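Here the structure is a predicted model, which means the values were calculated and not measured.
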Amino acid sequence: MIPLFTAQPSGKNMEDGTSSNPQSIGFTEKLKSWLSWSWTYICAVWFAMVLTMIYVLRSPLKLQDTLTSASVFLNTLTPKFYVALTGTSSLISGLILIFEWWYFRKYGTSFIEQVSVSHLRPLLGGVESSTTTGLFSSVNGEAEPRPSVSECKVWRNPLNLFRGAEYSRYTWVTGKEPLTYYDMNLSAQDHQTFFTGDTQQLKTEDTVMQKAWRERNPQARIRAAYQAIEMNHECAAAYVLLAEEEATTITEAERLFKQALRSGKREQRVQDQITSLRPFEIITGKDINLLVYIKRRLAMCARKLGRIKEAVKMMRDLMKEFPLLGMLNIHENLLEALLELQAYADVQAVLAKYDDISLPKSATICYTSALLKARAVSEKFSPEAASRRGLSTAEMNAVEAIHRAVEFNPHVPKYLLEMKSLILPPEHILKRGDSEAVAYAFFHLQHWKRAEGALNLLHCTWEGTFRIIPYPLEKGHLFYPYPGCTETADRELLPSFHEVSVYPKKELPFFILFTAGLCSFTAMLAMLTHQFPELMGVFAKAVSRISDVGLSQPEQASLASSHFPVPSLLRKPEM
């Protein structure tokens with residue numbers, strides 16, 4: 001078995017936890033451990049004493065007579081009683097099952113299990129299920145905040161496709177809509193915010209473009225863009241919309257983006273002539289965002305048309321020109337293009353800059369780092385040989401990198417290993433969610449296939465990650481605890497025909513399964529007793545006779561003479 005990487009707690013933090021009043025804390029811990037240790041033996045001794053007491057007092061308590069009376073009573077019961085008993089039991093267990101299922105769907109846990117863990121376990125000397133410090137402590141021992149719904153923020157997909165040239169063509173071929181209205185509405189909000197600027201300084205064409213982004217009908221958006229161009233032939237935002245949605249090929253989209261870039265620069269020169277300020281100072285936030293967007297899409301057009309070196313140069317220039325716009329994640333476009341060129345040294349240089357502990361992570365960063373380390377050892381990697389001789393240092397680094405990537409986003413491996421079918425990525429993604437996994441695998445699967453043996457190493461090691469992470473994800477191993485709001489957001493971003501990957505899947509608690517089995521069993525008994533009363537009566541009589549095996553013949557005779565005669569159980573019940 002391949003060994004797994006486990007983090008060791010920091011010694012400093014361990015010392016800090018016991019530095020205050022060590023004598024009292026040590027005595028309390030010893031007392032608790034002693035009580036917990038002795039409780040099991042006390043229960044065992046008590047149970048043995050109860051059994052001994054029952055055996056000694058079996059004659060005064062008349063246990064044999066009580067058992068005999070119970071046997072006679074069972075023999076006097078008719079099939080109607082068994083029908084009523086099993087029907088009532090089935091109804092009660094069914095009601096419990098419905099309540100348990102409703103509680104599980106709403107809160108994700110069993111009510112009976114929650115009560116037993118929260119209230120009964122502390123009374124029996126167990127450890128409480130959760131503490132404020134223990135649940136959300138990082139690998140360094142520092143307390144981390146509980147992930148909230150606000151952390152499930154959607155981000156613009158750095159590698160989103162073109163609506164007219166790619167998404168629309170998919171719809172024409174398959175008849176399916178690859179984008180949801182929620183996803184497109186987020187894009188409309190982005191365009192209004194970044195491309196139209198302050199509402200108090202809107203021009204006439206900007207007002208038209210604001211309405212254009214909000215239109216749900218693509219043809220209405222295109223008509224509004226042409227209307228804005230009629231008002232101002234240098235409306236760059238209108239050309240951007242046409243390039244995104246009207247162009248049916250990447251070549252046509254590139255032509256329109258170049259026209260938008262010329263219009264944007266021309267408008268900038270006009271502003272330079274009007275004012276005496278420097279160009280950087282007169283460019284508003286709207287102008288900067290628009291120019292960055294256009295240049296980035298032009299680089300993506302060059303990448304899709306096979307001019308990869310040109311695309312890499314454009315991306316590098318864009319990152320140098322606007323270094324403060326790191327939130328746009330242009331480096332992810334650069335990483336994908338460099339991987340296509342197989343410039344792995346340049347990829348490592350980019351990762352060294354952006355794979356920093358203080359910077360937010362993404363599936364692209366984590367899995368690209370894992371790919372580079374796996375590529376160094378995957379060609380000669382063999383699970384059988386590794387299990388015999390152990391992992392080398394390079395192999396261990398690759399396995400640790402894969403574990404790190406899988407912990408960040410556990411949905412990606414199934415797409416890379418083609419255990420799940422891919423779809424077109426959405427325009428927005430949720431980090432650590434299924435939408436991000438789809439977007440990453442859609443563009444990077446070819447790079448993993450190109451590295452010989454990398455997918456084999458991923459296949460052999462990725463599931464070992466889940467043995468490291470505490471379950472049910474109370475705390476993370478290398479990252480924050482996995483957020484529980486990803487499923488809801490992914491269902492909004494991904495189309496309905498796609499089966500959303502859910503992690504971790506909610507397993508049915510034992511008490512729900514037990515109640516379902518009990519309900520089904522009692523319902524089956526009630527149905528059989530109602531349909532076959534004679535057969536079930538014979539079965540009940542045979543069961544009752546088993547309890548009479550220990551009685552001697554004189555005792556059975558005296559018992560039969562001292563009680564009323566047993567009615568026949570073979571007659572049919574009255575309807």
Self-check item: Stepwise side-chain contact (heavy atoms from CB on, under 4.5 Å) check, I429 with V154
Solution: CA-CA 5 Å; I429 59 175; V154 294; over 6 Å; no
Self-check item: N409 side-chain N/O to G433 backbone N/O, donor-acceptor pair under 3.5 Å
Solution: yes
Quiz prompt | For the student: nearest non-hydrogen atoms of A165 and T249, plus distance | solution = CB-C, 3.7 Å
Quiz item: Do side-chain atoms of S263 reach the backbone of C235 as a donor and acceptor pair under 3.5 angstrom?
Solution: no
Exercise. Using a cut-off of 6.0 Å, state whether more than 12 heavy atoms not belonging to R169 lie near its atom CZ.
Key: no
Quiz prompt | Closest approach of A299 to A311 (non-hydrogen atoms, all atoms of both residues) | solution = O-CB, 3.3 Å
Quiz item: Are E427 and R163 ion-paired here, with the side-chain N under 4.0 Å from a carboxylate O?
Solution: yes
Exercise. Please report the shortest heavy-atom distance between R296 and N329, naming the atom on each side.
Key: NH2-O, 3.5 Å
Quiz item: Any side-chain heavy atom of R262 within less than 4.5 Å of one from I294?
Solution: no
Exercise. Verify the distance criterion only: is there a donor paired with an acceptor across the side chains of D490 and H411 at less than 3.5 Å?
Key: no
Quiz item: What's the verdict on salt bridge (Lys or Arg N to Asp or Glu O under 4.0 Å) for E246 and R223, showing C-alpha distance, side-chain angles and the deciding distance?
Solution: CA-CA 10 Å; E246 188 186 36; R223 287 195 299 268; over 6 Å; no
Practice problem: For the residue pair H444 and Y440, categorise the inter-ring angle as parallel (less than 30°), tilted (30 to 60°) or perpendicular (more than 60°). | Solution: parallel
Exercise. Verify whether one side chain among S362 and E332 offers a donor that lies under 3.5 Å from an acceptor in the other.
Key: yes
Practice problem: Kindly indicate whether the side chain of I229, heavy atoms from C-beta on, has any atom under 4.5 Å from the side chain of L242. | Solution: yes
Quiz item: Under the 3.5 angstrom rule, does the side chain of N397 hit a backbone N or O of T393 as a donor-acceptor pair?
Solution: yes
Self-check item: Working for side-chain contact (heavy atoms from CB on, under 4.5 Å), residues V347 and L372
Solution: CA-CA 9 Å; V347 173; L372 293 186; 3.8 Å; yes
Self-check item: Interatomic distance, E379 atom CD to L457 atom CG [nearest 0.5 angstrom]
Solution: 13.0 Å
Quiz prompt | Residue pair V399, F381: steps toward the side-chain contact (heavy atoms from CB on, under 4.5 Å) verdict | solution = CA-CA 11 Å; V399 171; F381 177 78; 5.7 Å; no
Quiz prompt | Side-chain donor-acceptor pair present, H428, N157, cut-off under 3.5 Å | solution = no
Quiz item: Quick check: does any side chain N or O of T465 sit under 3.5 Å from a backbone N or O of W462, one acting as donor and the other as acceptor?
Solution: yes
Quiz item: Hey, does H498 have a side-chain heavy atom less than 4.5 Å from the side chain of S421?
Solution: no
Quiz item: Under a 4.0 Å N-O cut-off, is there an ion pair linking K295 with E321?
Solution: yes
Quiz prompt | Residue pair L241 / M209, side-chain heavy-atom distance below 4.5 Å | solution = yes
Quiz item: Stepwise, does the side-chain contact (heavy atoms from CB on, under 4.5 Å) test hold for L291 with L261?
Solution: CA-CA 7 Å; L291 289 176; L261 183 61; 4.1 Å; yes
Quiz prompt | Carboxylate-amine/guanidinium proximity below 4.0 Å for E244 and R297 | solution = yes
Self-check item: Pair E400 + R404, salt bridge at N-O below 4.0 Å
Solution: no
Quiz item: Just how far is it from atom CG of L335 to atom CD1 of I365, taken to the nearest 0.5 Å?
Solution: 7.0 Å
Quiz item: Counting only N and O atoms by type, is there a donor-acceptor contact under 3.5 Å from the side chain of D346 to the main-chain atoms of L338?
Solution: no
Practice problem: Mark yes when over 12 heavy atoms from residues, nucleotides or ligands other than Y181 sit less than 6.0 Å from its OH; otherwise mark no. | Solution: no
Quiz prompt | Value rounded to 0.5 Å, distance of CE in M314 from CD1 in I330 | solution = 11.0 Å
Quiz prompt | Non-hydrogen side-chain atoms of R156 and S187 separated by less than 4.5 Å | solution = yes
Self-check item: Carboxylate-amine/guanidinium proximity below 4.0 Å for R303 and E340
Solution: yes
Self-check item: K361 to F408 six-membered ring, cation-pi geometry met (6.0 Å, 45°)
Solution: no
Quiz item: Using 4.0 Å as the upper bound for N to carboxylate O, is an ion pair formed by R375 and E452?
Solution: no
Quiz prompt | Least distance between heavy atoms, L298 atom then E254 atom | solution = CD2-O, 3.7 Å
Quiz item: If every non-hydrogen atom of N333 is compared with every non-hydrogen atom of P158, which pair is closest and at what distance?
Solution: ND2-O, 2.9 Å
Quiz item: Do L351 and T368 have side-chain heavy atoms sitting under 4.5 Å apart?
Solution: yes
Quiz prompt | Check: Q210/H191 side-chain N/O donor and acceptor closer than 3.5 Å | solution = no
Self-check item: Gap between atom CG of N289 and atom CG of L328 - 0.5 Å precision
Solution: 7.5 Å
Quiz item: Cation-pi between K211 and W213: NZ/CZ under 6.0 Å from ring centre and within 45° of the ring axis?
Solution: no
Quiz prompt | Backbone of Y170 reached by a side-chain donor or acceptor of T174 within 3.5 Å | solution = yes
Quiz item: Under a 4.5 Å cut-off applied to non-hydrogen side-chain atoms, are I423 and P495 in contact?
Solution: yes
Quiz item: How about K414: does its NZ atom have over 12 heavy atoms from other parts shown lying under 6.0 Å from it?
Solution: no
Self-check item: CG-OG distance between L161 and S168, expressed to the nearest 0.5 angstrom
Solution: 11.0 Å
Practice problem: Nearest 0.5 Å please: distance from the OH atom of Y344 over to the NE2 atom of H447. | Solution: 8.5 Å
Quiz item: Would you find a donor on one side and an acceptor on the other, under 3.5 Å apart, between the side chain of E407 and the backbone of F479?
Solution: yes
Self-check item: W172 versus G164, closest heavy-atom pair with distance
Solution: CH2-O, 4.5 Å
Quiz item: Looking at K449 and E418, does any basic side-chain N land under 4.0 Å from a carboxylate oxygen?
Solution: yes
Exercise. Decide yes or no for W155 and L186: does some side-chain heavy atom of the first lie under 4.5 Å from some side-chain heavy atom of the second?
Key: no
Quiz item: Which class fits the ring pair Y354 and H331: parallel under 30°, tilted 30 to 60°, perpendicular over 60°?
Solution: parallel
Quiz item: Does NZ or CZ of R432 lie under 6.0 Å from the centre of the six-membered ring of Y482, at an angle within 45° of the ring axis?
Solution: no
Practice problem: Under the side-chain hydrogen bond (donor to acceptor under 3.5 Å, both in side chains) rule, what do Y293 and D190 come out as? Steps first, then yes or no, please. | Solution: CA-CA 11 Å; Y293 183 88; D190 294 341; over 6 Å; no
Quiz item: Hey, is the main chain of R307 close enough, under 3.5 Å, to the side chain of E310 for a donor-acceptor pair?
Solution: no
Quiz item: So, does S435 use its side chain to make a donor-acceptor pair with the main chain of L430 at under 3.5 Å?
Solution: yes
Self-check item: Heavy-atom neighbours of Q342 CD exceed 12 at 6.0 Å
Solution: yes
